[in-house]
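Report on one structure; see the data block that follows.
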Amino acid sequence: MKEEKKNSIATLDEISSYLTSVVRGSAVSEVLVTEKGQKVCVKKSPDEKEKIRAAQLLYQQLSDKSSPESSDQVEFIDDIGYEN
């Protein structure tokens, strides 16, 4: 049961790959449109607004310093001597 749940959650690599495909315009989605009174399923590439949003999300994901994979640490060194 745990294995099924684990496989149902997208990994960070999968999310990054999908967002990259949207930014590059290679992702395709299907939308319903009405043509001559009939509903037709049409494949569509992401528009500019969708590409920009995907780029924002991808940038946010890649620049997130609070992720557990980040090993960046700040160290303060007090090397200023106070002499009277």
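What you see below is based on every heavy atom in this structure, not just the backbone, and it leaves out hydrogens, waters and symmetry mates.
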Which residues satisfy the side-chain hydrogen bond (donor to acceptor under 3.5 Å, both in side chains) test with Ser17, sequence neighbours excluded?
none
Spatial distance of atom NZ (Lys51) from atom OG (Ser21) [nearest 0.5 Å]:
11.0 Å
In this structure, CG of Leu19 is separated from CD of Gln56 (nearest 0.5 Å) by 11.0 Å
Given 3.5 Å as the limit, does a donor-acceptor pair link the side chain of Thr11 with the main chain of Glu14, or not?
yes
What pairs meet the salt bridge (Lys or Arg N to Asp or Glu O under 4.0 Å) rule with one or both residues in residues 20-49, with sequence neighbours excluded?
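Applying salt bridge (Lys or Arg N to Asp or Glu O under 4.0 Å) to every pair that reaches into residues 20-49, excluding sequence neighbours, yields Lys44-Glu50.
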Testing Ile15, Thr20, Val22 one by one against Tyr18 for a side chain to side chain contact (heavy atoms under 4.5 Å, CB included), which residue passes?
Val22
Is there a path of hydrophobic side-chain contacts, each under 4.5 Å between heavy atoms, that joins Leu62 and Leu57?
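Yes; tracing contacts between hydrophobic side chains, which count when under 4.5 Å, links both residues.
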In the structure I gave you, are the side-chain heavy atoms of Cys41 and Val31 within less than 4.5 Å of one another anywhere?
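A side-chain contact is absent here, since even the closest heavy-atom pair is not under 4.5 Å.
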Work out which heavy atom in Ala27 is nearest to a heavy atom in Pro46; give both atom names and the distance.
O-CD, 3.1 Å
So which heavy atom on Ser45 is nearest to which on Gly25, and how close?
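Nearest pair, atom of Ser45 first, then Gly25: OG-O, 3.9 Å.
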Transitive ILVMFWY cluster of Tyr59, excluding itself - 4.5 Å side-chain cut-off:
none
